[in-house]
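Both counts, for ligands and for their atoms, begin at 1 and track the order of listing.
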Amino acid sequence: YDQKVDMSQVEKGKGYYIKYNKLAENIDIVRKRLNRPLTLSEKIVYGHLDDPHGQDINRGVSYLKLRPDRVACQDATAQMALLQFMSAGLPEVAVPTTVHCDHLIEAQVGGVKDLARAKEINKEVYDFLATCTAKYGIGFWKPGSGIIHQILLENYAFPGGMMIGTDSHTPNAGGLGMIACGVGGADAVDVMADIPWELKCPKVVGVELKGKLSGWTAPKDIILKVAGELTVKGGTGAIIEYKGPGVESLSATGMGTICNMGAEIGATTSVFPYNDRMGAYLEATKRGDIAKLAKGFQKNLLPDQGAEYDRHIEIDLNNLEPYINGPFTPDLATPLSKFAEEVKKNNWPDELKVSLIGSCTNSSYEDMSRSASIAEEALKHGLKVKAKFTITPGSEQIRATIERDGQMQTLSEAGGVVLANACGPCIGQWDRTDVKKGEKNSIITSYNRNFTGRNDANPATHAFVASPDLVTAMAFAGSLTFNPVTDSLKGADGKEFKFSDPSGIELPSRGYDPGESTFAAPPESLKEREDIAVAISPDSDRLQFLAPFKAWNKEDPKGCPVLIKAVGKCTTDHISAGGPWLKYRGHLQNISNNCLIGAVPEGGKPNELTNLMTGETGTVPQVAAHYRDNGKPWVVIGDHNYGEGSSREHAALEPRYLGGTAIITRSFARIHETNCKKQGLLPLTFKDEADYDKVKPATYVDLEGVKELAPGSEVTMVCKDAKSGEEYARIPLVHSFNAGQIEWHRAGSALNLMAAKAKA
Ligand code: MIC
Ligand code: SF4
């Protein structure tokens, strides 16, 4: 395995080789030091340590410094990441990096027209990304190329590699045995600037798969079931490592689906051991050389005998039923056989309005051909879809291949509308017209997330997630209570029929059709790149240069109003909504107008707060800005798993920009907690969870102990009634800052610190 094999076909000849030698050497060093067997993820993670000799390794405790092989960004997060990289003042990125245009394309009528429209509407942003990537030596995937995670799987993911991406579903690449993690833009900037990436040493959850998938059960059902078991925060701080004989019955893209949705349980990432199904996918995507190399390296791409896991789960695929998860949260898992009953019991709208297949989670050739097999059978019985039905190909390559091989035609004939190769309705880029806002209705998708209002900005939409097979079958029934395993449908001839089990083709027998060329490599020479001007118009409402945040004033924060005490789920969609707001992802001032507008204040309505200083009512951003402009740093009080969901650092940048100083919660989602630290906020947690209940919304707080902030130290929150000014509680808080991260806080942000160091 010491041959020179390129990490990616796309970067052939650039000298970016797979470094299995280095990986093996590091694994050896660490194994000797720890003197115990290692899990698969430990091998890959520790194999990428910056200092394998000296690094303190303690699962769930120590912070690791790592050297990822690559960085990937999507357009909605890349803008902020690149703006930050630009302020670091470096000539080019230190590790291979790509940017993918996928989030800004709105679904309206169909792929071709929607793409053309998006190119026009987003011209300014695309131009910025195109010039900025070219200047700094970054590969650029143009709009229409497809969804970041599908492109990464097709071109860049490789077994044993490590990648970070500014999107929470980056773990999708675990389907090819890569350790791939979602991060905020500031983390990506570190790696682009040759600074090691810091990660809390992950715990490891082992999932043993027994038996074999069959019938209506698809890879998606494995993760839907795991999500039900572990819940949205059960994977926090852990890598989910799949193993066991059942792995053999999964295609590489199926494994990708499972890893992708590990994001929904908060896992750091998910990964599968190397096997021949991965080899077959690498061959099919013209990377036979990588498959051969990996095969020779296979013993390092499997867990050691006797490796220990922090938690263990077993799933028998022989008995695994299809699952449907939702509404409003991806961990509410119901097996198909119980689903109709649940629909009735909970009064979920039975009529199915829209079925949506595809997305980064489920748009492989196999997924599409299984869905087409179902549609074909329905067509034979003279049926077309009853619900609306949309198909989102994950990439231009998938689109072109299913067009050539006929699946697309079958799905369209059945009444499906093929959308652009982009995120579209998955991230609220959906000009939905079939129901009115506020109207209760049901939709089902093969996507991964279903938070309130995510797809269509209608909080009354009940969104469910399932395998593309179920989503397709249900489109023909037009009903949520239809169970294709047991129920029949009436054909056009009046005769009843039951669907056969779906069948699919794992990989196209004629190879993939690449479709239109959508990639722009950066110019080779630094000289040529230096001359490229990155354009940001000063009166743009979509792009704005970043001004550095102020350094900490060296005082304990005093008299800080509680801006909002958020109750219940507060995801990144609640803190910084998607959909129409994606437009402002490169303009901090404008996007800050969505800050926390979806969060539910205790005893109140979203986006309606009483300003403690004036007694007047205002929106969250208005009240926040008023406090800031009157010299009052404020705090947020939140519940469990605060900031779950997306990697978007806007959820941390906005509160910081609007004058927030601390976010105090029962617990945080990993990426969001790091994002807060990087932007100079103080993410703090209640030492005793029950203290959350003690905080009254109308409160001013002092934070004692910020001056003495040190790893493991405590901060005391002194709560004073906003009216009487009387102290009513002293609440101990804890934090997870290490010494280096405390420096970020002192400097005002991690970026400030980087800039200061670069100057020195
Ligand atoms: C998502 O699925 O929520 C997104 C949109 O892909 C985000 C990234 C973003 O907010 O831009 C993610 O998952 O990280
Ligand atoms: Fe895009 Fe949806 Fe995938 Fe996020 S989860 S990358 S929005 S398709």
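Closest non-hydrogen pair, Ser270 versus Gly262, comes out as OG-CA, 4.0 Å. The two atoms that bring Ala81 and Glu649 nearest to each other are N-OE2, 4.0 Å, heavy atoms only. Nearest heavy-atom pair across Val600 and Pro606 is CG2-CG, 4.4 Å. Nearest heavy atom pair, residue Phe128 against residue Leu543, reads CB-CD1, 3.6 Å.
Among the candidates Asn172, Asn260, Thr257, Asn325, the single residue satisfying the side chain to side chain donor-acceptor pair (under 3.5 Å) test with Asn448 is Asn260. With Thr461 as the partner, the side chain to side chain donor-acceptor pair (under 3.5 Å) test is satisfied by one option alone out of Asn441, Asn455, Thr452: Asn441.
Only the side chain of His103 comes within 4.0 Å of ligand 2, judged by heavy-atom distances. At a heavy-atom distance under 4.0 Å, no atom of His650 approaches ligand 1. Of the heavy atoms in Arg454, only side-chain atoms (C-beta onward) come closer than 4.0 Å to ligand 1. Only the side chain of Ile427 comes within 4.0 Å of ligand 1, judged by heavy-atom distances.
Residue, atom and distance of the protein heavy atom nearest to atom 7 (C) of ligand 1 are Ser646 OG, 3.2 Å. Counting only heavy atoms of the protein, atom 8 (C) of ligand 1 lies nearest to Gln74 NE2, 3.0 Å. Among protein heavy atoms, atom 3 (O) of ligand 1 sits closest to Arg449 NH1, 2.8 Å. The protein atom (non-hydrogen) at minimum distance from atom 10 (O) of ligand 1 is Arg648 NE, 2.6 Å. For atom 13 (O) of ligand 1, the closest non-hydrogen atom on the protein side is Ser168 OG, 2.5 Å.
A salt bridge links Glu229 and Lys225; the closest N-O separation between the charged side-chain nitrogens and carboxylate oxygens is under 4.0 Å. With respect to Lys353 and Asp434, no salt bridge is recorded, no charged nitrogen being found less than 4.0 Å from a carboxylate O. Salt-bridge check for Asp639 with Lys569: failed, with every basic side-chain N at 4.0 Å or more from each acidic carboxylate O. Look at Asp75 and Lys142 and you find no salt bridge, because none of the NZ, NE, NH1 or NH2 atoms lies under 4.0 Å from a carboxylate O. The residues Arg117 and Glu106 are annotated as salt-bridged, a charged nitrogen and a carboxylate oxygen being separated by less than 4.0 angstrom.
Close N/O approach between Asp167 and ligand 1 is found [any backbone or side-chain N/O within under 3.5 Å]. Ligand 1 has an N or O atom lying under 3.5 Å from an N or O atom of His103, backbone or side chain.
Assignment of Arg585 to the shell around ligand 1 is supported, since a heavy atom sits closer than 4.0 Å. Look at Arg454 and you'll find a heavy atom under 4.0 Å from some atom of ligand 2.
Taking a cut-off of under 4.0 Å to the non-hydrogen atoms of Ser647, the atoms of ligand 1 that pass are 12 (C), 14 (O). Heavy-atom proximity to Thr77, at under 4.0 Å, picks out these atoms of ligand 1: 9 (C), 11 (O). Each of the following atoms of ligand 1 lies closer than 4.0 Å to a heavy atom of Ala76: 11 (O).
Nearby protein atoms of type N, O or S around atom 3 (Fe) of ligand 2 amount to 1 (distance under 2.8 Å).
For the pair Arg542 and Tyr584, the cation-pi criterion (under 6.0 Å, within 45° of the ring axis) is not fulfilled.
No side-chain donor from either of Thr170 and Asp167 sits under 3.5 Å from a side-chain acceptor of the other.
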Start with the C-alpha distance between Phe85 and Tyr136, add both sets of side-chain angles, then the distance that settles ring-ring contact (aromatic ring centres under 6.0 Å, His included), and finish with yes or no.
-> CA-CA 9 Å; Phe85 184 76; Tyr136 295 109; 5.2 Å; yes
